[in-house]
Amino acid sequence: MRTLATTPRWNVTASLKSLYHTPSLTNNTTDDDDDGDCAVLGSFQIATRRNMSNTLRLYLACIRNTLDAALCLQNFPCQEVERHNKPEVELKTSPELLLNPILICRNEAEKCLIETSINSLRISLKVKQADELENILTKKFLRFLSMRAEAFQVLRRKPVQGYDISFLITNYHCEEMQKHKLIDFIVQFMEDIDKEISELKMSVNTRGRLVATEFLKQFV
């Protein structure tokens with residue numbers, strides 16, 4: 001199995017030094033020094049967000065290029081059962097029809113597994129989950145989507161073990177749909193899933209804050 005790491009090396013120490021344009025701080029701090037510290041902190045946060053955006057862009061670009069090369073599927077009948085045409089990436093009965101799986105990692109918590117065969121391709125995604133709340137929201141949201149897999153056509157009802165959601169694309173999908181549209185759908189889904197989870201988390205936190213406020217009013 002080949003692993004493609006897309007996260008660039010980023011020297012945190014060098015980045016911090018480049019952001020500090022003010023002289024070294026002394027014990028006698030002033031308001032100007034405080035303003036300088038705030039400016040440095042803000043610059044560091046902006047640099048961090050830019051770095052995360054760059055890694056996401058590289059991660060998605062790597063997946064897009066890999067899918068573009070892997071989506072060369074053709075009709076191929078089953079070699080064991082006559083007049084049957086099954087996705088070889090699911091059956092795995094003929095090793096000569098399978099290609100080496102490709103694992104693309106952004107970090108330990110976010111990765112994509114692409115498995116290819118002569119007539120089908122399976123994409124498995126691991127969604128980032130920073131805490132327990134995101135873990136619960138991700139499972140509920142992706143389970144909601146998996147129960148409506150027939151509406152997506154290429155969505156697999158049960159994800160591959162170790163991943164949160166899986167897609168299965170066959171040669172029939174490539175014949176009926178446009179190749180670049182399929183790739184755009186997968187990449188756009190990966191971009192939107194993080195936004196959806198973040199919005200759900202903010203909604204839950206806001207609702208919890210309002211409930212706690214109303215509950216504590218009776219003790220005031």
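Just so it is clear, the structure is predicted and the values come from calculations on it, not from any experiment.
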Given Asp184, which partner from the list Gln178, Lys179, Arg64 fulfils the side-chain hydrogen bond (donor to acceptor under 3.5 Å, both in side chains) test? Arg64
Tell me, do [X] and [Y] make a side-chain contact under 4.5 Å, heavy atoms counted?
X: Leu67; Y: Ile114; value: yes
X: Ile118; Y: Gln74; value: yes
X: Leu73; Y: Thr170; value: no
X: Phe185; Y: Gln188; value: no
X: Leu103; Y: Cys112; value: no
X: Ile165; Y: Leu155; value: yes

Which pairs count as ring pair (Phe, Tyr, Trp, His ring centres under 6.0 Å) when at least one residue sits in residues 187-214, sequence neighbours excluded?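 Sorted pair list: Phe167-Phe189.
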Show which side-chain atoms of residues 143-153 pair as donor or acceptor with protein atoms under 3.5 Å away, not counting sequence neighbours.
unit_1	atom_1	unit_2	atom_2	d
Ser146	OG	Leu142	O	2.9
Arg148	NH1	Phe144	O	3.0
Glu150	OE1	Arg157	NH2	2.7

For [X] and [Y], which heavy atoms make the closest approach, and how far apart are they?
X: Lys201; Y: Glu134; value: NZ-OE2, 3.4 Å
X: Ser166; Y: Val160; value: OG-N, 2.9 Å
X: Met190; Y: Leu60; value: CB-CD2, 4.0 Å
X: Ile104; Y: Tyr59; value: O-CE1, 3.6 Å

For Tyr163, all residues meeting ring pair (Phe, Tyr, Trp, His ring centres under 6.0 Å), sequence neighbours excluded: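 For Tyr163 there are no ring pair (Phe, Tyr, Trp, His ring centres under 6.0 Å) partners, ignoring immediate neighbours.
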Regarding Arg122 and Glu88, does a basic nitrogen lie under 4.0 Å from an acidic carboxylate oxygen?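 Not counted as a salt bridge, because no side-chain N and carboxylate O are separated by less than 4.0 Å.
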Salt bridge between Lys139 and Asp164, side-chain N to carboxylate O under 4.0 Å? no
Check step by step if salt bridge (charged side-chain N to carboxylate O under 4.0 Å, His left out) holds for Arg156 and Glu90. CA-CA 11 Å; Arg156 203 167 179 261; Glu90 295 282 355; 2.8 Å; yes
Take atom CD of Glu108 as the centre, draw a 6.0 Å sphere, and report whether it contains more than 12 heavy atoms from other residues, nucleotides or ligands. no
For Asn85 and Asn75, test the side chains for any donor-to-acceptor distance below 3.5 angstrom and give the result as yes or no.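 There is such a pair (donor and acceptor under 3.5 Å, judged by atom type) between the side chains of Asn85 and Asn75.
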Decide whether Ser120 and Ser117 meet the rule of one side-chain donor and one side-chain acceptor closer than 3.5 Å. yes
Value for CG (Asp194) from CD (Glu199), rounded to nearest 0.5 Å, stands at 11.5 Å
So which of Asn171, Thr116, Leu168 actually passes side-chain contact (heavy atoms from CB on, under 4.5 Å) with Leu121?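 The passing option is Thr116.
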